[in-house]
Amino acid sequence: MGFEHDSPLVRDADETNERRPGTPRRGTGFLDEPPTLRTTPSATVGPYLAIGLTWPDGADAVAPGTAGEVWLRGTVRDGNGDVVPDAVVETWQADPDGRFAHPGDPRGSASTPGFRGFGRSATPGGEFAVRTLKPGPVPDGEGGLQAPHVDVSVFARGLLDRVVTRIYFADEAEANAADPVLSALPEDRRRTLVARRTEDGYRLDINLQGDAETVFFAV
Amino acid sequence: MTGTTSRLVLPRYLREEDGHRTPVASDGYRSTALRAPLRTPVDLPHRLTEVTGPVLGEDRVTPGDADLTLRAGGEAQGQRIIVFGRVLDSGGRPVPGALLEIWQANAAGRYRHVVDNWPAPLDPHFDGLGRVVTDSLGRYEFTTIKPGAYPWGNHHNAWRPAHIHFSLFGQAFTQRLVTQMYFPDDPLFGQDPIFNAIPPAARHRAVAGFDLGRTQPDWALAFEWDIVLRGTDQTPFETDDDGDVA
């Protein structure tokens with residue numbers, strides 16, 4: 001693909017196997033060693049998560065006033081259809097060029113000024129809201145493209161681990177049809193991941209259970 | 001960055017075995033009944049969105065965030081403790097520059113939160129919030145007070161064992177972890193459905209160890225807790241018979 005890059009995630013055919021400090025790891029030369037440690041088990045955030053997980057600028061995946069800013073909104077509901085007022089929704093996404101604000105992006109880190117790509121929102125009244133830019137398409141690593149999407153984590157009392165989903169965009173029908181993740185889902189389940197346009201951005205509700213249970217992913 | 005052909009060779013973050021990871025739902029924990037998804041999650045292969053993640057470092061931390069015992073101009077009540085350890089990945093490699101956010105109840109078992117109203121005292125000098133970033137060796141350290149146990153309504157006479165909530169970002173979306181650290185030999189473990197939702201083989205990894213050597217004489221006890229995030233596949237590229245990168 002011939003990226004201009006300095007990324008630890010991309011290997012040139014003649015590249016050495018050294019790790020750059022402070023970057024995600026790739027092969028380190030210990031190619032045949034199995035993992036040596038078991039991971040720490042997750043636990044619920046409980047009802048008092050707001051103490052630890054509140055940032056004044058949490059909702060701002062992009063700086064306020066950035067041209068093209070949109071609000072991603074939605075309501076989190078439980079199996080009774082009741083709103084979940086004590087969750088935290090976190091979002092992670094590429095910028096409009098499809099680049100991530102991360103040193104591992106093979107095409108260089110996102111260059112959109114004020115773009116963090118990460119949003120964190122509490123759900124007062126059940127509703128999350130993240131100020132962001134609509135992402136661009138992202139390489140799928142196999143020569144194709146993924147449709148514009150946002151990775152989402154939901155944390156709440158009653159969830160012993162986070163649950164992960166994605167947000168796609170209804171005005172990207174062509175890209176959505178070609179997306180490897182979305183197109184692998186049954187037609188009637190895809191719609192649980194596709195946000196519709198609103199006056200100030202996009203909206204997608206997250207249903208933890210029920211007939212319209214959101215598609216959740218194992219990552 | 002010569003004329004060689006670049007490939008998008010992405011790390012794959014290893015998934016912990018079911019017998020060693022906490023399931024999203026557990027029968028004994030009532031709140032899961034209407035909240036934990038009922039359908040089997042769909043496998044999401046790791047692509048760029050999953051192997052990158054927010055870069056959150058010192059700019060999220062202010063001086064004093066690592067010491068929870070000195071807030072609002074005074075000293076918190078309770079047993080002063082140091083909680084320290086390393087953040088590693090499952091390959092045993094340190095995770096430097098990782099943001100840790102912690103929150104906890106005060107010495108009496110009360111959270112400074114609007115929905116916590118059981119009759120235990122609040123402490124004007126304890127807000128229960130800490131933040132720190134791991135150093136170049138993946139190490140972290142907080143000074144805090146030992147949180148108290150507290151009752152909750154899950155079942156008759158239910159008490160949460162003393163614990164500290166930990167939230168961690170590694171270097172990828174896939175590594176995100178929120179968990180709870182417990183204290184050794186807590187007599188409340190046996191009746192706590194949240195602790196017991198952890199598979200038996202993994203429970204000890206949620207419990208800190210007492211470390212006399214790291215206590216500060218005449219000042220604070222010390223507990224050590226290493227946190228292990230998911231690591232990457234050690235073979236993120238394939239070679240052909242000649243040993244060349246495929």
Side-chain angles (χ1 to χ4, degrees), chain A residues 1-3 9-14 22 24-27 30-31 33 35-45 47-48 50-53 78-80 92 100-102 104-106 117-118 138-141 146 151 153 155-161 163 181 208-209 213 215-219, chain B residues 4-11 14 16 20-22 24 26 31-32 34-39 41-44 47-50 52 54-55 88 90-92 97 101 103 111 113 115 128-129 165 167 171 173-174 177-180 197-198 202 205-206 227-228 230-232 234-237 245:
Chain A
M1 292 175 111
F3 292 122
L9 301 185
V10 175
R11 180 181 306 284
D12 289 316
D14 60 353
R25 292 175 183 272
R26 58 182 181 197
F30 302 98
L31 296 181
E33 281 188 9
T36 56
L37 299 173
R38 293 283 187 185
T39 54
T40 302
S42 71
T44 180
V45 290
Y48 311 120
I51 297 171
L53 299 180
D78 70 11
N80 276 345
W92 173 243
F100 293 90
H102 185 274
D105 192 298
F118 175 76
V138 174
D140 68 1
Q146 299 180 80
D151 271 14
S153 302
F155 302 87
R157 172 178 64 83
L159 298 175
L160 287 161
D161 197 355
V163 293
V181 176
L208 295 174
Q209 297 181 355
E213 182 179 309
V215 171
F216 294 102
F217 294 105
V219 292
Chain B
T4 56
T5 301
S6 297
R7 289 173 177 278
L8 206 52
V9 181
L10 303 179
L14 299 163
E16 187 58 90
H20 287 270
R21 50 179 297 187
T22 313
V24 70
S26 181
S31 297
T32 65
L34 284 170
R35 291 188 166 190
L38 299 177
R39 295 176 186 247
V42 175
D43 277 333
L44 183 66
R47 297 186 176 90
L48 265 178
T49 320
E50 289 73 41
T52 56
V55 178
L88 304 166
S90 58
E101 299 171 284
W103 69 101
Y111 286 89
H113 190 286
V115 306
L129 167 66
H165 296 265
S167 164
Q171 289 153 337
F173 178 82
T174 311
L177 177 69
V178 177
T179 186
Q180 301 177 18
I198 305 170
R205 297 199 298 277
I227 302 162
V228 181
R230 294 166 64 180
T232 53
Q234 295 289 291
T235 56
F237 64 102
V245 176

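Note on naming: letters A, B, ... go to the chains in the order of the sequence lines (proteins, then strands), and numbering restarts at 1 for each one.
In this structure, OG1 in A:Thr40 is found 9.5 Å from CD in B:Glu16, a value given to the nearest 0.5 Å. Interatomic distance, B:Leu48 CG to A:Gln146 CD, rounded to the nearest 0.5 Å: 7.5 Å. Taken from CZ in B:Arg39 to CD in A:Glu213, the straight-line distance is 6.0 Å, to the nearest 0.5 Å. Between atom CZ of residue A:Phe217 and atom CG of residue B:Leu44 there is a gap of 5.5 Å, rounded to the nearest 0.5 Å. With values rounded to the nearest 0.5 angstrom, A:Leu160 atom CG is found 6.0 Å from B:Ser26 atom OG.
For B:Ile198, the part lying near chain A is the side chain, with the backbone staying farther off; criterion is any non-hydrogen pair under 4.5 Å. Looking at B:Glu101, only its side chain comes within 4.5 Å of chain A, counting heavy atoms on both sides. Using a 4.5 Å cut-off between heavy atoms, B:Ile227 contacts chain A through both its backbone and its side chain. The contact between A:Val219 and chain B is made by backbone and side chain atoms together, counting heavy-atom distances below 4.5 Å.
Side-chain atoms of A:Thr39 never come within 3.5 Å of backbone atoms of B:Arg230 as a donor-acceptor pair (strictly under, hydrogens ignored). Under a 3.5 Å cut-off, the side chain of B:Thr22 and the backbone N or O of A:Pro41 do not form any donor-acceptor pair. With A:Trp92 contributing its side chain and B:Thr49 its backbone, the two residues share a donor-acceptor pair below 3.5 Å. Side-chain N or O atoms of B:Gln180 include one that pairs as donor or acceptor with a backbone N or O of A:Thr44 at under 3.5 Å. When atom types are taken as modelled, the side chain of A:Gln209 and the backbone of B:Pro37 share no donor-acceptor pair closer than 3.5 angstrom.
Per-residue heavy-atom pair counts under 4.5 Å with chain B were compared for A:Val215, A:Val138, A:Asp140, and the maximum is reached by A:Asp140. Each of A:Leu159, A:Asp78, A:Leu208 has some count of heavy-atom pairs under 4.5 Å with chain B, and the biggest count is that of A:Leu208. Between chain A and the residues B:Ala202, B:Gly92, B:Ala36, the largest count of heavy-atom pairs under 4.5 Å involves B:Ala36.
A:Phe155 has its side chain out of reach of B:Ser167: every pair of non-hydrogen atoms, C-beta onward, lies at least 4.5 Å apart. Within the 4.5 Å cutoff, the side chain of B:Val228 has no heavy atoms near those of the A:Arg38 side chain.
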Test side chain to side chain contact (heavy atoms under 4.5 Å, CB included) on B:Arg21 and A:Asp161; report intermediate values, then the result. CA-CA 9 Å; B:Arg21 50 179 297 187; A:Asp161 197 355; 3.6 Å; yes

Tell me, with the steps shown, if B:Leu177 and A:Ser42 meet side chain to side chain contact (heavy atoms under 4.5 Å, CB included). CA-CA 6 Å; B:Leu177 177 69; A:Ser42 71; 3.9 Å; yes

Working note: B:Ser31 + A:Arg157, criterion side-chain hydrogen bond (donor to acceptor under 3.5 Å, both in side chains); need CA distance, chi angles, decisive distance, verdict. CA-CA 7 Å; B:Ser31 297; A:Arg157 172 178 64 83; 2.9 Å; yes

Before giving the answer on side chain to side chain contact (heavy atoms under 4.5 Å, CB included), spell out for A:Thr36 and B:Ser90 the whole-Å C-alpha distance, their side-chain angles and the decisive distance to 0.1 Å. CA-CA 6 Å; A:Thr36 56; B:Ser90 58; over 6 Å; no

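Considering all non-hydrogen atoms of both residues, B:Val55 and A:Ala101 come closest at CG2-O, 3.7 Å.
Partners of A:Ile51 under the side-chain contact (heavy atoms from CB on, under 4.5 Å) rule, at least two apart in sequence or in another chain, are A:Tyr48, B:Trp103, B:Tyr111, B:His113, B:Leu129.
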